[in-house]
Amino acid sequence: NHDYVLTFSVADATSKDKLVALCRGPWQGDEVTPETWEISNDLSPDDLERAIGELLGDGDRAAYYYLSDSKRMFRVVLG
């Protein structure tokens, strides 16, 4: 499993709802705030990033943090 903390600001309500649905459902996330989620699943960082990127519009932002196999923390900013 990979562990992530995802935070986002998405203006389009439909895209935001889709991202929240992913966090709540298949990504097995726990809501910290409506726009911040702790996620633990088998998605690779590339797969997670690709899925998030498809939902971001102009001016939207997302960042996720993850712990690598070498126990190093990485921050990735999208948007």
Side-chain angles (χ1 to χ4, degrees):
N1 271 355
H2 300 280
D3 297 314
Y4 303 97
V5 174
L6 168 64
T7 187
F8 53 86
S9 175
V10 177
D12 179 72
T14 301
S15 293
K16 182 178 179 179
D17 289 347
K18 287 179 182 178
L19 188 51
V20 168
L22 286 170
C23 290
R24 183 173 284 128
W27 290 358
Q28 304 167 22
D30 294 313
E31 184 176 344
V32 177
T33 70
E35 296 182 340
T36 302
W37 289 77
E38 292 179 352
I39 298 167
S40 182
N41 61 32
D42 60 356
L43 271 179
S44 72
D46 289 336
D47 292 337
L48 181 77
E49 189 171 320
R50 195 171 308 114
I52 295 167
E54 291 174 0
L55 297 171
L56 296 181
D58 292 340
D60 292 343
R61 305 256 314 163
Y64 67 89
Y65 299 79
Y66 71 98
L67 189 63
S68 74
D69 291 337
S70 63
K71 303 303 179 206
R72 293 184 57 199
M73 180 69 76
F74 291 91
R75 177 179 183 242
V76 179
V77 178
L78 308 168

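All values below come from the heavy atoms of this structure, side chains included, with hydrogens, waters and symmetry mates left out.
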Novice: Quick one: closest heavy-atom pair of Pro26 and Ala21, and the distance?
Specialist: CD-O, 3.7 Å
Novice: Of all heavy-atom pairs between Asn1 and Ser40, which one has the smallest distance, and what is that distance?
Specialist: ND2-OG, 3.8 Å
Novice: What distance separates Tyr66 OH from Ile39 CD1, expressed to the nearest 0.5 Å?
Specialist: 14.0 Å
Novice: Between Thr14 and Lys18, does the side chain to side chain contact (heavy atoms under 4.5 Å, CB included) criterion hold? Intermediate values first, please.
Specialist: CA-CA 6 Å; Thr14 301; Lys18 287 179 182 178; 3.9 Å; yes
Novice: Check step by step if side chain to side chain contact (heavy atoms under 4.5 Å, CB included) holds for Leu48 and Trp27.
Specialist: CA-CA 9 Å; Leu48 181 77; Trp27 290 358; 3.6 Å; yes
Novice: Say you draw a straight line from CG of Asp30 to CZ of Arg24; how long is it, rounded to the nearest 0.5 Å?
Specialist: 11.0 Å
Novice: Which atoms form the tightest heavy-atom contact between Phe8 and Pro34, and what is the distance?
Specialist: CZ-O, 3.8 Å
Novice: So how far is it from Ser9 OG to Glu35 CD, rounded to the nearest 0.5 Å?
Specialist: 5.5 Å
Novice: Report the C-alpha separation of Leu6 and Ile52 in whole Å, then their side-chain angles, then the decisive distance to 0.1 Å, and conclude whether the side chain to side chain contact (heavy atoms under 4.5 Å, CB included) test is met.
Specialist: CA-CA 10 Å; Leu6 168 64; Ile52 295 167; 3.6 Å; yes
Novice: Taking the six-membered ring for Trp, are Tyr4 and Tyr64 parallel (under 30°), tilted (30 to 60°) or perpendicular (over 60°)?
Specialist: perpendicular
Novice: Walk me through whether Val20 and Trp37 qualify under side chain to side chain contact (heavy atoms under 4.5 Å, CB included).
Specialist: CA-CA 9 Å; Val20 168; Trp37 289 77; 3.8 Å; yes
Novice: Going from CD on Gln28 to CG on Asp42, what distance comes out if it is rounded to the nearest 0.5 angstrom?
Specialist: 7.5 Å
Novice: Does any part of the side chain of His2, heavy atoms only, come nearer than 4.5 Å to the side chain of Leu43, both counted from C-beta?
Specialist: no
Novice: With rounding to the nearest 0.5 angstrom, report the CG to CG distance, Asp60 to Leu55.
Specialist: 9.5 Å
